[in-house]
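Before we start, here is the structure in question, set down as structure tokens.
Chain naming here is simple, since letters A, B, ... match the order of the sequence lines and numbering starts at 1 in each.
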Protein chains: 2
Amino acid sequence: MPIPLYQAKADFFRTLGHPVRIRVLELLQDGPLPVRDLLAGIEVEASNLSQQLAVLRRAGIVTSTREGSTVVYALSSNDVADLLRAARRILTDMIAGQGELLAELREAEHTRPG
Amino acid sequence: MPIPLYQAKADFFRTLGHPVRIRVLELLQDGPLPVRDLLAGIEVEASNLSQQLAVLRRAGIVTSTREGSTVVYALSSNDVADLLRAARRILTDMIAGQGELLAELREAEHTRPG
DNA sequence: ATAGGACTTGAAGAAGTTTTCAATTGGCTA
DNA sequence: TAGCCAATTGAAAACTTCTTCAAGTCCTAT
């Protein structure tokens with residue numbers, strides 16, 4: 001019994017839905033990095049970062065390989081970078097759109113609808 | 001104090017992270033629809049659908065307009081449709097990738113690492 | 001005004017996720 | 001092999017989201 005595609009999509013987006021996980025993916029967009037560097041770039045405790053990396057690993061979004069005493073993470077597909085770019089575009093538009101909405105709302109306070 | 005972009009992104013993805021919400025967005029990809037039609041296309045109680053529509057509305061991803069006694073929903077930007085397509089592509093790749101991974105794992109059971 | 005249909009809302013409990021801390025593993029060097 | 005650093009794990013508590021149900025709004029027709 002295969003998981004329906006809409007469920008898989010929802011799971012995938014839910015996996016992206018955490019600020020630490022987003023920052024990890026953004027940092028990995030320019031190439032693989034050791035945990036040490038992720039830790040330096042994100043304000044979070046080591047054990048919390050590890051938990052979030054585990055979520056990304058379980059979802060198959062990143063891969064980890066041990067190199068000596070450090071562990072290096074990488075995006076498992078560069079389509080993920082595309083997706084993050086698409087999301088940035090949408091968000092930019094939406095924030096701009098909300099700016100307009102806000103302006104309309106402010107106007108509405110003065111020019112009450114008839 | 002503006003919300004950091006990585007937080008906005010995480011919130012946005014979290015909003016997409018629910019099977020009913022994904023199906024709503026998929027149904028709206030081809031144009032606006034009244035709630036009645038969404039309800040016909042998704043196996044969920046009316047009140048549950050309403051709750052999920054409210055989540056999408058609050059996030060600014062869909063808009064609703066009342067037309068007589070029915071309410072019509074639409075995507076607020078067609079970039080959302082692009083994003084869903086990007087997600088479908090990634091998911092397809094990932095599922096294929098996981099097929100390979102599975103094959104490797106099965107092999108590993110027989111050819112134990114030395 | 002009343003009834004009925006379409007949709008939404010509020011609130012409470014159930015279910016799921018996140019954070020945190022202590023304990024643990026794996027590798028390196030003395 | 002002892003000690004250390006890097007990273008991970010398990011488990012409990014704190015928090016958030018989801019589902020459900022009863023009650024509510026808004027429109028249309030009688």
Next on the checklist: Just N and O in the side chain of B/Gln52: are any of them under 4.0 Å from OP1 or OP2 of D/dT19?
Outcome noted: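 For D/dT19, OP1 or OP2 has a side-chain N or O of B/Gln52 closer than 4.0 Å.
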
Next on the checklist: For DNA chain D, which residues of residues 32-47 of chain A approach it to below 4.0 angstrom with any heavy atom?
Outcome noted: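 DNA chain D contact set from residues 32-47 of chain A: A/Val35, A/Arg36, A/Ala46, A/Ser47.
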
Next on the checklist: If the condition is side-chain contact (heavy atoms from CB on, under 4.5 Å), which residues does B/Asn78 pass it with, not counting sequence neighbours?
Outcome noted: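 If we apply the side-chain contact (heavy atoms from CB on, under 4.5 Å) test to B/Asn78, skipping adjacent residues, there are no hits.
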
Checklist entry - Which residues in residues 5-21 of chain B have at least one heavy atom lying under 4.0 Å from any atom of DNA chain D? => result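 Those residues are B/Arg14, B/His18, B/Arg21.
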
Checklist entry - Does any N or O donor sit under 3.5 Å from an N or O acceptor when you compare the side chain of A/Gln51 with the base of C/dT19? => result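 Such a pair does not exist between side chain and base.
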
Checklist entry - Want to settle it: does B/Ser50 or A/Asn48 sit nearer the 5' end of DNA chain C, counting the closest nucleotide to each? => result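 Closest to the 5' end, via its nearest nucleotide, is B/Ser50.
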
Next on the checklist: Give me each pair satisfying salt bridge (Lys or Arg N to Asp or Glu O under 4.0 Å) with a member in residues 82-92 of chain B, each pair once, sequence neighbours excluded.
Outcome noted: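 Qualifying pairs: A/Asp82-B/Arg89, A/Arg89-B/Asp82, B/Asp82-B/Arg85.
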
Item to check | For A/Asn48, side-chain hydrogen bond (donor to acceptor under 3.5 Å, both in side chains) partners two or more places apart | outcome: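 By the side-chain hydrogen bond (donor to acceptor under 3.5 Å, both in side chains) rule, A/Asn48 matches A/Gln52.
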
Next on the checklist: How many whole angstroms separate atom CG of B/Leu56 from atom P of C/dC7?
Outcome noted: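 Result: 16 Å.
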
Checklist entry - How would you list all residue pairs meeting side-chain hydrogen bond (donor to acceptor under 3.5 Å, both in side chains) that involve residues 61-72 of chain B, not counting sequence neighbours? => result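 Pairs touching residues 61-72 of chain B that pass the test: none.
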
Next on the checklist: With a cut-off of less than 4.0 Å, is there a side-chain N or O of B/Arg57 near OP1 or OP2 of C/dT9?
Outcome noted: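 So the side-chain polar atoms of B/Arg57 do come within 4.0 Å of the phosphate oxygens OP1 or OP2 of C/dT9, strictly under.
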
Checklist entry - Taking only residues at least two apart or on different chains, which pairs with a member in residues 26-46 of chain A satisfy side-chain hydrogen bond (donor to acceptor under 3.5 Å, both in side chains)? => result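 For residues 26-46 of chain A, and leaving out neighbouring residues, the side-chain hydrogen bond (donor to acceptor under 3.5 Å, both in side chains) pairs sorted by first residue read A/Glu26-B/Lys9.
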
Checklist entry - B/Thr15: what forms a side-chain contact (heavy atoms from CB on, under 4.5 Å) with it, not counting sequence neighbours? => result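 Result, side-chain contact (heavy atoms from CB on, under 4.5 Å) vs B/Thr15: B/Val55, B/Leu56, B/Ala59, B/Ile61.
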
Item to check | side chain to side chain contact (heavy atoms under 4.5 Å, CB included) between B/Val62 and B/Leu25, intermediate numbers included | outcome: CA-CA 8 Å; B/Val62 302; B/Leu25 297 179; 3.9 Å; yes

Item to check | Residue that, paired with B/Tyr73, satisfies side-chain contact (heavy atoms from CB on, under 4.5 Å) out of B/Leu28, B/Leu27, B/Val24 | outcome: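 That would be B/Leu28; it is the only one of B/Leu28, B/Leu27, B/Val24 passing the side-chain contact (heavy atoms from CB on, under 4.5 Å) with B/Tyr73.
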
Item to check | Interface residues of residues 63-73 of chain A with DNA chain C (non-hydrogen, below 4.0 angstrom) | outcome: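 Within this stretch, A/Arg66, A/Gly68, A/Ser69 sit under 4.0 Å of the strand.
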
Checklist entry - With sequence neighbours excluded, what pairs up with A/Arg14 under the salt bridge (charged side-chain N to carboxylate O under 4.0 Å, His left out) test? => result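 With sequence neighbours excluded, A/Arg14 shows a salt bridge (charged side-chain N to carboxylate O under 4.0 Å, His left out) to A/Asp11, given in chain and number order.
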
Could you write out each protein N or O paired with an N or O of nucleotides 13-15 of chain C at a distance under 3.5 Å?
none

Next on the checklist: Tell me the interatomic distance from B/Leu53, atom CG, to C/dA6, atom P, rounded to whole angstroms.
Outcome noted: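 Interatomic distance, CG of B/Leu53 to P of C/dA6: 16 Å.
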
Checklist entry - Who passes side-chain contact (heavy atoms from CB on, under 4.5 Å) against B/Ala54, sequence neighbours left out? => result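 Per chain and number, B/Ala54 pairs via side-chain contact (heavy atoms from CB on, under 4.5 Å) with B/Arg57, B/Arg58.
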
